[in-house]
Amino acid sequence: MKLDSMYQDVILDHYKHPHGRGLRDGDAEVHHVNPTCGDEITLRVKLNGTTIADVSYEGQGCSISQASASVLNDLLVGKELTEAQKVQELFLELMQSKGKVEPDDAMEEVLEDAVAFAGVSKYPARVKCALLSWMAWKDATAQALAERETA
Amino acid sequence: MKLDSMYQDVILDHYKHPHGRGLRDGDAEVHHVNPTCGDEITLRVKLNGTTIADVSYEGQGCSISQASASVLNDLLVGKELTEAQKVQELFLELMQSKGKVEPDDAMEEVLEDAVAFAGVSKYPARVKCALLSWMAWKDATAQALAERETA
Amino acid sequence: MTQLPGLLDTEAIRKDFPILDRLVHDGKKLVYLDNAATSQKPRQVLDVLSDYYERYNSNVHRGVHVLAEEATAAYESARDKVAEFINAPSRNEVIFTKNASESLNLVANMLGFADEPYRVERGTEVVITEMEHHSNIVPWQLLSQRTGAKLKWFGLTDEGRLDLSNIDEVITEQTKVVSFVLVSNILGTVNPVEAIVRRAQEVGALVVVDASQAAPHMPLDVQALQADFVAFTGHKMCGPTGIGVLWGRQELLEDLPPFLGGGEMIETVSMHSSTYAPAPHKFEAGTPPIAQAIGLGAAVDYLSSIGMENIAAHEHAITAYALERLSAVPDLRIVGPVTAEDRGAAISFTLGDIHPHDVGQVLDELGIAVRVGHHCARPVCLRYGIPATTRASFYLYSTPAEVDALVEGLEHVRNFFG
Amino acid sequence: MTQLPGLLDTEAIRKDFPILDRLVHDGKKLVYLDNAATSQKPRQVLDVLSDYYERYNSNVHRGVHVLAEEATAAYESARDKVAEFINAPSRNEVIFTKNASESLNLVANMLGFADEPYRVERGTEVVITEMEHHSNIVPWQLLSQRTGAKLKWFGLTDEGRLDLSNIDEVITEQTKVVSFVLVSNILGTVNPVEAIVRRAQEVGALVVVDASQAAPHMPLDVQALQADFVAFTGHKMCGPTGIGVLWGRQELLEDLPPFLGGGEMIETVSMHSSTYAPAPHKFEAGTPPIAQAIGLGAAVDYLSSIGMENIAAHEHAITAYALERLSAVPDLRIVGPVTAEDRGAAISFTLGDIHPHDVGQVLDELGIAVRVGHHCARPVCLRYGIPATTRASFYLYSTPAEVDALVEGLEHVRNFFG
Ligand SMILES: Cc1ncc(COP(=O)(O)O)c(C=O)c1O
Ligand SMILES: Cc1ncc(COP(=O)(O)O)c(C=O)c1O
C-alpha cells in the first residue's frame with residue numbers, strides 16, 4: 001500500500017510515544033496553527049548560551065505533525081544553534097521535494113529518524129503538518145535570540 | 001433587410017423632423033436616462049384640468065428614442081389623462097411583446113404612428129430606447145398630479 | 001444492494017456526472033463523500049457552459065449586437081430561474097455574487113453604511129450563532145470592529161442544536177440583525193427558523209439566512225422563511241464555481257446603499273457624483289460572472305427536473321442509513337444530531353484517538369473522499385473540545401453502497417492505527 | 001488580402017476560437033470587433049475548464065483527498081502562471097478576485113480601513129483621471145463619501161490624452177493614492193506611467209494601475225511599472241468570466257487589513273475574534289473561482305505561447321490600418337488619439353449626426369459586432385460633448401479584412417440614414 005511510504009513505523013512510533021512532550025521552562029514561547037486543518041502547537045525553546053537546552057511542546061494534531069515534533073525534540077535538543085539550523089534547513093528541503101529526494105546516507109546522518117518523513121513530501125496537504133513544529137521552533141528561537149539581545 | 005422592420009419610414013421621419021421638441025412651460029419636469037446606453041431625456045408635462053395641455057422635451061439619443069418622444073407628443077397632447085394612460089399601457093404592451101404582437105386595426109386606431117415601433121420590440125436592447133420618453137411622461141404626470149394635490 | 005425507501009434512481013443520475021467514473025489511486029473507484037464542500041457538476045450544466053463560450057460569449061447589458069443580446073437574455077433568464085427556484089416574489093431581488101461569502105459580506109457592509117433604521121453602529125447589536133461557517137462569522141466580526149456594534153451569539157446544546165433557551169436575552173431591542181445558518185455544514189443540524197424569525201420581528205431586527213447547505217438539498221422558499229436576506233452558493237448545488245446568490249427583499253434593496261462600485265451598477269456617472277441603477281444591478285459592479293450565472297441557471301433546471309422534494313427524500317434515506325451504520329463502528333462518535341430528523345446530509349464524527357487527518361488520508365487511499373478539519377466552523381470544534389472532525393456528506397447521486405464503502409474504510413483505518 | 005508588417009498568422013489563430021466560425025443574421029460571418037468589452041476564448045482554455053469539471057472538481061486548500069489535492073495544485077499553479085505573466089516578485093502578491101472592479105474596490109476599501117500611514121480619511125486626497133472606467137471612479141467616490149477624503153482628477157487634452165500640466169497641484173502632499181488607467185477602454189490612449197509614478201512617489205502616495213485593457217494586449221511588468229497595485233480582469237484576456245486579479249506589493253498586503261471575511265482567509269477563528277492568513281489568502285474569502293482561476297492560467301499560457309510582444313505588434317499594425325481607413329470615411333470623427341502611437345486597439349468614433357445606437361444596429365445586421373454607448377466612461381463623453389461613441393476594438397485574431405468589413409459597413413450606415 002502506497003500509504004506505508006508516509007506512515008513509516010518510525011513515524012507511528014513517535015506518534016504513539018512522543019518524546020519530550022509537555023511544556024517546560026523556556027526563553028520564548030510561540031503558538032502556531034495550520035489554518036487549513038486546525039493543527040496547533042505551543043512550543044518553547046530554552047537556550048543555554050548557543051546550545052539548545054530544551055524544546056518543549058504541547059498541541060493537537062495528526063500523527064504526522066505530532067511525530068514530527070517528537071523527532072524535532074530528539075534531533076535538536078543538545079545541539080549547537082548553527083548545527084540545528086542546518087538540520088532544519090535540510091528537513092525543509094526534504095519536505096519540499098515532492099517525493100523527488102531519495103534520502104542517502106549523508107542525509108540520514110544529519111536527519112536520523114526524520115528521513116522517515118521523505119514519503120510525506122509526496123502529499124502536499126500533509127507537508128504543512130510535518131513542518132508545523134519546525135516552523136514554530138524557528139520562530140521561537142528567533143524570538144529567544146531577539147529577547148536576549150534587547151535584554 | 002430585417003432592419004427595415006425596426007427602422008420604418010414613419011420612425012425615420014419622426015427622427016429627422018421631431019414634433020414638439022424643445023422645453024416649454026410645464027407643471028412638472030423629469031430627467032430620465034437609459035444607463036445602458038446613455039440616452040437621456042428631460043421632459044415636462046403641462047396639464048389643464050384633466051387634459052394634457054403640452055408635453056415638451058429635450059434630450060439626446062438614438063433614432064428610436066427620439067422618434068418615440070416625437071410620436072408621444074403627437075399622440076398625447078390634447079388627450080384626457082385617462083385616455084392617455086390607456087395609450088401608454090398599450091404601447092408598453094406592444095414594446096414588451098418581443099415581436100409577437102402583430103398590430104391590428106384596433107391597435108392602430110389607438111396607437112396611430114406608434115404601431116410602427118412593433119418591429120423594435122424584437123430588439124431587447126432597443127425596447128428601452130423606445131420606452132424612455134414614455135416612462136418619463138408617466139413619471140412627470142404622476143409628479144404633476146401629486147403636486148397639485150399638495151398645493 | 002441495499003434498498004431504502006425514497007431513493008432516487010442513482011444509476012441513471014450518476015450517468016449525468018462524468019467525474020463519478022473517475023478512477024483514483026491505481027484504479028480505485030471514486031467514492032465522493034465531500035459534497036458539503038462542493039458538489040459535482042452534471043453534463044447538462046457543462047454543456048450549457050461550453051455552449052455559452054463557443055456560441056454567444058459576450059459582455060452583457062450594453063451591446064446591440066447579436067452575441068450581446070443572446071448573452072444578456074441568457075444571463076437575465078438565469079436570474080428568472082433562480083428567482084423561481086427560491087420562490088422569490090420578484091426577479092429583481094436576486095443578486096448574483098461570486099459566492100455565499102460575498103453575499104454575506106455584502107449584507108454586513110450594506111448595514112454598516114446604511115442610514116437609519118437599518119444602520120449597525122455603536123449601541124446596536126448583531127446576533128449570530130456558534131455553529132456558523134466562518135463566512136457568517138468573520139463579516140460580522142469585521143462589521144462590529146468597524147462600527148462598534150456588539151456581536152452576540154446563540155450557543156449550542158450537547159446534542160448539536162441551537163440553544164434558544166435565552167432567546168429573549170440574545171435578541172433584544174438593540175438587535176439590528178440576526179444572521180444564522182439554515183443547515184449547518186459541520187453538524188448537519190437544520191435550524192428552527194420560525195422561532196428565531198418571530199423573535200427578530202418582535203424587536204424589528206433584520207433576518208439573514210445562510211442557506212448554503214440548504215439550497216442544494218431541499219426546497220427553499222424565501223417567502224415561507226420570512227427572512228430579509230438569504231445567501232447561497234452555486235458550486236454546492238451542481239453549478240459552476242465563481243457564482244453565488246444573495247436574495248433580499250425589494251424594499252430593503254431599494255433603501256440600502258451599494259457596496260462595490262463600478263460598471264453595470266450605475267445610472268449616471270460624472271466626476272463629481274454618481275447615481276445608481278435599481279436593484280439587482282446596483283449590487284452587481286463590473287462584468288458579472290456571466291457564464292457562471294448561466295451555468296447556475298442550468299443547475300437549478302437540473303435540480304428542479306429531479307425535484308427538490310425527491311432529492312431531500314433521497315438524502316434523508318441515505319443519511320438515516322449512514323447514521324445507523326456509523327453508530328455501529330466502534331469508538332465512533334457523531335458530532336451533531338444522531339438521528340436523521342431535522343438534519344442535513346453532512347455527518348461529522350471522530351474515531352477514537354485517531355486524528356481526522358489520518359482518517360481522511362487512509363480513506364483517500366481507498367478512493368473515498370471525505371473532508372477533515374474544522375470545516376470552516378472552528379467554534380464548533382472548540383465547543384465540543386475536539387481538534388477537528390472527519391465529515392462525510394451526501395448528495396443526490398450518493399448510494400447506500402457508498403455508505404457501506406465508508407464503513408468498511410473506517411474498519412481499515414482502525415486496523416491501520418490499531 | 002491586405003498585407004501589413006507585424007501581423008500574426010490569424011488563419012491559424014482563428015482556428016483556436018470556435019465562436020469565430022459563428023454565422024449570425026441568416027448566414028453572415030461574425031466580425032467580432034467588441035474585444036474591449038470581452039475577448040473570445042480559445043479551445044485551449046475551454047478544454048482546461050472541461051477537464052477540471054470532468055476530472056478533478058473539488059474545493060481547494062482543505063482536503064486530503066486526491067481531487068482536493070489536484071484542484072489545489074491547479075489553482076495555485078494558476079497563481080504561479082499569472083505571477084510570471086506580470087513579472088511579479090512573488091506569487092503571494094497575486095490575489096484572485098471576481099473581476100477588475102472587485103480588485104479596484106478591494107484596494108479602495110483596504111485604504112479606507114487601513115491604519116496610518118495608508119489610511120484615506122478627511123484631510124487626505126485621492127487622485128484619479130477623467131478617462132477612468134466607471135469601475136475606477138465609483139469605488140473612489142464611495143470611499144471619499146465614506147471617509148471625507150477629497151477626490152481630485154486629471155483632465156484630458158483635446159487629443160484624448162491626460163493633461164498632466166498641473167500635476168503638482170493635482171498630486172500633493174495630501175495625496176494618499178493615485179489610481180489611473182494604463183490603457184483607456186474608450187479613447188485607446190496609453191498613459192505615461194512614469195511621470196505619474198514619479199510625482200506620486202515624491203509625495204509618498206500609493207499608485208494603483210488599472211491594467212484591464214493592458215494585460216490582454218501588451219507585455220505587463222508590474223516591477224517595471226513601479227506601481228503598488230495593479231488590477232485586471234480575466235475575461236478580456238482569453239480567460240473565463242468570473243475571475244479578476246489584483247497584484248499588490250507584499251509589504252502592503254501584509255500591512256493592510258482584510259476586506260471580505262470568511263472561509264479561506266482566516267488563520268484561526270473564535271467567536272470573540274479572528275486572525276487572518278497571510279496574503280494572498282487573507283484577501284480571498286470563501287470558495288474562490290477555482291475553475292475560472294485555472295482557466296485564466298490556461299489563458300496566460302495561451303497568450304504567452306503566442307507572445308505578448310507579437311500580440312502587441314499585431315494589434316499595432318491593425319490599429320494603424322484601421323485609423324487610416326476610418327479617417328477616410330466621410331463625417332467620421334475619431335474620439336481619442338488619431339495615430340497608433342501610444343495607443344491601444346480600441347477606436348471610438350462618431351459618424352456625423354447618426355447616433356451610435358443606430359450605427360451599431362445597422363452594423364450588427366451585417367454581422368459586425370461593435371459596442372456603442374459611453375463604454376462605462378461617461379465623463380469622457382461629457383468632456384467631449386458627445387452623447388456616446390461607436391467603438392471598434394481589436395485583438396490577436398482580428399484581421400485587416402475585418403477592418404475593411406467595418407469600413408464598408410459604415411458606408412452602408414451612412415446610406416441607410418442618409
Ligand atoms: C479600463 C477598464 N477598467 C476596468 C474594467 C472593469 O472590468 P470588469 O468589468 O471585468 O470588472 C474594464 C472593463 O469593463 C475596463 O475596460
Ligand atoms: C454553511 C455555509 N455557509 C457559507 C459557506 C461559504 O460558501 P462559499 O465558500 O461558496 O462562499 C459554506 C461553504 O463553504 C457553508 O457550508
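Everything numeric in this text was worked out from a predicted model, so none of it was measured. By convention in this document, chain letters (A, B, ...) are assigned in the order of the sequence lines, proteins followed by strands, and residues within each chain are numbered from 1.
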Per-residue contact mode, [X] against chain D (heavy atom under 4.5 angstrom):
X: C:Phe259; answer: both
X: C:Val359; answer: neither
X: C:Leu30; answer: side chain
X: C:Glu284; answer: neither
X: C:Leu260; answer: both
X: C:Ile243; answer: neither

Under 3.5 Å, is there a donor-acceptor pair between the side chain of C:Asn99 and the main chain of D:Thr287?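 Judged by distance alone, yes, a pair lies under 3.5 Å.
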Using a 3.5 Å distance criterion without hydrogens, assess whether the side chain of C:Gln141 forms a donor-acceptor pair with backbone atoms of D:Ser270.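 Confirmed, C:Gln141 side chain pairs with D:Ser270 backbone.
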For chain C, which candidate among [options] shows the most heavy-atom pairs at distances under 4.5 Å?
options: D:Pro139, D:Gly262, D:Ala291; value: D:Gly262
options: D:Pro240, D:Gly373, D:Gly367; value: D:Pro240
options: D:Gly63, D:Ser135, D:Gly242; value: D:Ser135

May I have the step-by-step check of side-chain contact (heavy atoms from CB on, under 4.5 Å) for C:Val269 and D:Val138, ending in yes or no? CA-CA 8 Å; C:Val269 172; D:Val138 184; 4.2 Å; yes
What part of [X] gets within 4.5 angstrom of chain C, counting heavy atoms only: side chain, backbone, both, or neither?
X: D:Tyr276; value: side chain
X: D:Ser144; value: neither
X: D:Glu69; value: neither
X: D:Ile128; value: side chain
X: D:Ile290; value: both
X: D:Pro288; value: backbone
X: D:Val45; value: neither
X: D:Thr129; value: backbone
X: D:Leu363; value: neither

Taking it one step at a time, do C:Thr38 and D:Asn57 satisfy side-chain contact (heavy atoms from CB on, under 4.5 Å)? CA-CA 8 Å; C:Thr38 200; D:Asn57 168 66; 3.9 Å; yes
Return the option, out of [options], with the maximum number of heavy-atom pairs under 4.5 Å with chain D.
options: C:Gln40, C:His25, C:Arg146; answer: C:Arg146
options: C:Ile137, C:Val24, C:Val372, C:Leu67; answer: C:Leu67
options: C:His235, C:Gln361, C:His133, C:His374; answer: C:His235
options: C:Pro379, C:Ala293, C:Pro257; answer: C:Pro379
options: C:Glu264, C:His272, C:Gln145; answer: C:His272
options: C:Gly360, C:Ala68, C:Ser273, C:Ala377; answer: C:Ser273

Evaluate the side-chain contact (heavy atoms from CB on, under 4.5 Å) criterion for residues D:Asn59 and C:Arg371: first the C-alpha distance (whole Å), next the side-chain angles of each, then the deciding distance (0.1 Å), finally the verdict. CA-CA 10 Å; D:Asn59 215 320; C:Arg371 187 131 305 216; 4.0 Å; yes
List in chain and number order the residues that pass side chain to side chain donor-acceptor pair (under 3.5 Å) with D:Arg43, two or more places apart in sequence or in another chain; answer none if no residue qualifies.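 Result, side chain to side chain donor-acceptor pair (under 3.5 Å) vs D:Arg43: C:Glu54.
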Closest contact, heavy atoms only, D:Cys376 versus C:Gly263: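 For D:Cys376 and C:Gly263, the tightest heavy-atom pair comes out as SG-CA, 4.0 Å.
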Restricting to non-hydrogen atoms, name the atom on D:Gly286 and the atom on C:Ser101 that form the minimum distance, rounded to 0.1 Å.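 Scanning both residues, the minimum pair turns out to be CA-OG, 3.1 Å.
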Cation-aromatic face contact C:Arg22/D:Tyr56, 6.0 Å, 45 degrees: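 Not satisfied by the 6.0 Å and 45° rule.
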Could you measure the distance from the NZ atom of D:Lys98 to the CD atom of C:Glu102? Nearest 0.5 Å is fine.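 D:Lys98 atom NZ to C:Glu102 atom CD measures 3.5 Å (nearest 0.5 Å).
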Say you draw a straight line from CG of D:Leu49 to OG of C:Ser50; how long is it, rounded to the nearest 0.5 Å?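 Answer rounded to 0.5 Å: 8.5 Å.
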Would you say NZ of C:Lys29 has more than 12 non-hydrogen atoms from neighbouring residues, nucleotides or ligands within 6.0 angstrom?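 Not more than 12 within 6.0 Å, no.
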Around C:Lys150, counting heavy atoms of other residues, nucleotides and ligands shown, do more than 12 lie under 6.0 Å from its NZ?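 At most 12 heavy atoms, drawn from other residues, nucleotides or ligands, come within 6.0 Å of this atom.
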Please assess C:Tyr53 against D:Thr241 for the test side-chain contact (heavy atoms from CB on, under 4.5 Å), listing each intermediate value before the final yes or no. CA-CA 10 Å; C:Tyr53 283 126; D:Thr241 59; 3.6 Å; yes
Does C:Asn136 have any side chain to side chain contact (heavy atoms under 4.5 Å, CB included) partners at least two apart in sequence or in another chain, and if so, which?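 With sequence neighbours excluded, C:Asn136 shows a side chain to side chain contact (heavy atoms under 4.5 Å, CB included) to C:Leu104, C:Glu132, C:Trp140, C:Ser179, C:Asp210, given in chain and number order.
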